[in-house]
Each structure stands twice: as structure tokens, then as C-alpha cells.
Amino acid sequence: MYSANVYKIFLASPSDVPKERQIARETINKWNELHSEETGIILQAIGWETHSFSSMGDRAQGILNKQILQDADFLIGMFWTRIGTPTGEYESGTLEEIKEHIDAGKPAMICFSEQPVQMGSVEQEQYNKLIEFKNECYEKGLVSGYESLEAFKTIINDALVRRANKKEPFIGFSNVESELVSSTVIDTTINSSSSELMLSDDAKELLIEASNDPGGDILKLAFLGGSTLQTNGRNFLVDGTAREKARWEAALNVLIVENLVEGIGYKNEMFRVTHSGYKFADKLKNT
């Protein structure tokens, strides 16, 4: 028997990512199995499908916010082809949840699926609104993209591990970060100084190489017959195996979430070292 602090993680998404919602729950439960006793932290996934109940007296989204969202400590936002259903006050219920959560000074992370989709099955108006929102987010480089469900699982698990390693794992946004709420962007796993960052050896190696690149750029491309992840003239995907691809994409995801590199454009193909990234790379080179 052990004592632990319980933190609630709200799953926010439109209706087209049920697999991601399930994976997020499973990843959170697995994290608890592996780390709760050691860290004294228990994570609880919450969402409309498991924690809402019948009520009257307010609009539907307002009721949901009061029943569930206001108790959340952290939020995971997930998008693929839809922005969601308008609430009367916001473009969608998911955007309202994100906005309300961050306005309360609480941290969140936003994930966009880059998985292929049959455009004939997509509602064009929804997709257009999503692309507009997505572009706003990627311009600030504070989001994560994923090309497979396995990559999504890795992003969620890595974020949970990094947060739990902090002294106060679910402290929210500073005043400056709160100003970004109008564009709804967000993971602030990097509020603390760069000296506190816990990076894998692969992430450190990739960051140092990128900091030596003349433009500080990392290129990640998928093409017929293979893929490449390269910077400073070095291709990290040498043997072309799925294991190698997963290894270095995980390293890149760590750098993205820690704001050491940022996305350029919305296609999730080009990344650039940030000011924080260069500073941290310099520290790594001098150790």
C-alpha cells in the first residue's frame, strides 16, 4: 500500500479519433502500472463518455465543462479531419474545452493526426476549419503531429514521463503563455529552465547535429519506398527499418514537445532549432 496524488487528464477531441481516445486511456493506465508507486502519482483519464451524467439548466457544453473539465489537471487534445460541433459560443466543443482549460491556468498538449484519409469521406467545411486551426498552431511550433497510432502512443507516454519527472508535474501556464490561448496552442512541458530537461541520448544526439546545421533545420520526409530524417548532411534513417524510423521519430518528438525545435509550416516535414534548443545544445557540447 502506498499514498499518491491523483491527477485528472481530460481527453478532448471531435468524434473522428475514437482509436486515439482509447490509446490515450490505455497509455495512461499502463503508465500507472509502471510508475505510480515509484512516483507517488496516479493519473486518471476523464472524458464525456465515462464521467458525464444527465443534467439540466445550461447548454450541453456548459454542463460538460462544469461536470468534468473544471476538475481536470491536464488536457490532451486530438484532431484528424474534424474541428467538431459548434457550441453556440465557440467553433466547436473541443476548442471550447481547450480554451476553458487553459484560461484556468492549466497545461495541455495538442496532437494532430497526419494519417492518410479518403477525402471523399471527409466533410469539407469541417476539414477546412481544422486546417485553419492547425496552421495557427503549427506557426507557433507548440504541437505534436503523428503519422501512426503507435507514434501517437509514444508521444503521449513521453509527455507523461517528462511531466511526472518535474517537482510540480501539472503546474500550468505563465502569463505570457496564457496569451497564446486565442490561437489555442499548447504543450508547456518546458516552463522550467533547460537545465532540468531530461532527454534521451538519441534526442541529445539529434539536437546537437541539428544545432550544427547551417540553418538549424531537420527534414523529415516520407516517400514511395522509404523515408528520411536528416540534418547537417546526415541521414539518421540508414537501414530503413521500422525500428530505426520509430527510434529517431521518437527522438524528434521529444525535441518538439520540449520546444527545442519547432515545426515550420503545417505538413510536419521541416523543423528548426529554437533559441532554447541552441542554448541547450551548447550546454550538451560543453559537458
Side-chain angles (χ1 to χ4, degrees), residues 16-17 19-20 23-24 27 76-81 109-122 127 130-131 134-135 137-159 161-162 187 189 199-274 277-278 280-281 284:
D16 61 338
V17 287
K19 292 181 180 179
E20 281 87 340
I23 288 173
T27 303
I76 299 174
M78 299 157 278
F79 296 90
W80 186 22
T81 66
M109 64 181 295
I110 307 299
C111 303
F112 289 101
S113 173
E114 304 291 347
Q115 298 177 97
V117 63
Q118 293 288 338
M119 291 307 296
S121 65
V122 172
Y127 190 71
L130 173 66
I131 292 300
K134 185 176 180 180
N135 288 345
C137 292
Y138 270 104
E139 284 175 2
K140 295 182 173 62
L142 297 175
V143 296
S144 293
Y146 59 95
E147 297 178 349
S148 68
L149 294 177
E150 188 62 30
F152 173 73
K153 179 179 178 180
T154 299
I155 289 171
I156 299 302
N157 183 70
D158 288 351
V161 169
R162 279 188 295 278
D187 183 343
T189 351
L199 300 186
S200 66
D201 289 341
D202 287 343
K204 292 176 182 177
E205 182 177 349
L206 180 59
L207 177 62
I208 290 173
E209 195 70 62
S211 71
N212 292 330
D213 182 83
D217 294 334
I218 300 174
L219 182 65
K220 181 172 78 96
L221 292 174
F223 49 86
L224 188 61
S227 56
T228 182
L229 193 156
Q230 59 181 291
T231 182
N232 196 35
R234 175 184 172 186
N235 181 14
F236 283 77
L237 305 185
V238 178
D239 59 27
T241 63
R243 178 183 292 273
E244 183 183 56
K245 184 172 183 287
R247 171 189 173 186
W248 290 108
E249 286 189 352
L252 176 59
N253 285 334
V254 169
L255 300 182
I256 295 169
V257 172
E258 296 292 0
N259 200 33
L260 299 176
V261 303
E262 61 183 1
I264 306 298
Y266 68 89
K267 291 187 177 181
N268 207 30
E269 294 178 344
M270 181 76 77
F271 303 87
R272 183 162 294 159
V273 179
T274 64
Y278 279 113
F280 194 60
L284 292 175

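Computed from a prediction, not measured in an experiment: that's the story for all the values here.
Shortest non-hydrogen contact noted between Asp158 and Ala250 is OD2-O, 4.3 Å. For the pair Lys134 and Ser113, the tightest heavy-atom approach, listed with the atom from each and the gap, is NZ-O, 4.2 Å. The two residues Leu229 and Trp248 come nearest to each other via the heavy atoms CD1-O, 3.9 Å.
Exactly one of Phe152, Trp80, Phe112, Phe79 qualifies for a ring pair (Phe, Tyr, Trp, His ring centres under 6.0 Å) with Tyr146. That residue is Phe152. Here the options are Val254, Leu255, Leu206, the test is side chain to side chain contact (heavy atoms under 4.5 Å, CB included), and the partner is Leu260; only Leu255 passes.
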Side chain to side chain contact (heavy atoms under 4.5 Å, CB included) between Lys245 and Ser227, intermediate numbers included = CA-CA 8 Å; Lys245 184 172 183 287; Ser227 56; 3.5 Å; yes
Which is it for Thr154 and Glu249 under the side chain to side chain contact (heavy atoms under 4.5 Å, CB included) test, yes or no, and what are the steps along the way?
-> CA-CA 10 Å; Thr154 299; Glu249 286 189 352; over 6 Å; no
Could you give me the CA-CA distance, side-chain angles and deciding distance for Leu149 and Gln115, then say whether side chain to side chain contact (heavy atoms under 4.5 Å, CB included) is met?
-> CA-CA 9 Å; Leu149 294 177; Gln115 298 177 97; 3.8 Å; yes
Arg234 and Glu205: salt bridge (Lys or Arg N to Asp or Glu O under 4.0 Å), yes or no, with the steps?
-> CA-CA 12 Å; Arg234 175 184 172 186; Glu205 182 177 349; 2.7 Å; yes
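Side-chain N/O atoms of Thr274 and Asn259 include no donor and acceptor closer than 3.5 Å. Using modelled atom types, one finds a donor on one side chain and an acceptor on the other under 3.5 Å when comparing Thr241 with Asp239. Residues Ser148 and Glu150 bring no donor and acceptor atom of their side chains to less than 3.5 Å of each other.
The CE atom of Met109 sits 10.0 Å away from atom CE of Met78, with the distance rounded to the nearest 0.5 Å. Asn253 contributes atom CG, which lies 10.5 Å from atom CD1 of Ile156 (distance to the nearest 0.5 angstrom). Note that the CZ atom of Arg272 and the CG atom of Asp217 stand 4.0 Å from one another [nearest 0.5 Å]. The CG atom of Asn232 lies 13.0 Å from the CG atom of Leu219; values are rounded to the nearest 0.5 Å. How far CG of Leu221 is from CG of Leu237: 10.5 Å, rounded to the nearest 0.5 Å. Atom CD1 of Ile155 and atom OG1 of Thr27 lie 11.0 Å apart (nearest 0.5 Å).
Open room surrounds OH on Tyr127; 12 or fewer heavy atoms of other groups in view lie less than 6.0 Å from it.
Looking at Glu114 and Lys220, no side-chain N of the basic residue comes within less than 4.0 Å of a carboxylate O on the acidic one, giving no salt bridge.
In this structure a side-chain-to-backbone donor-acceptor pair under 3.5 Å is present from Asp16 to Thr81. No donor-acceptor pair closer than 3.5 Å links the side chain of Glu209 to the backbone N or O of Thr231.
Listed by chain and residue number, nothing satisfies the side chain to side chain donor-acceptor pair (under 3.5 Å) test with Asp201 (two or more places apart in sequence, or in another chain).
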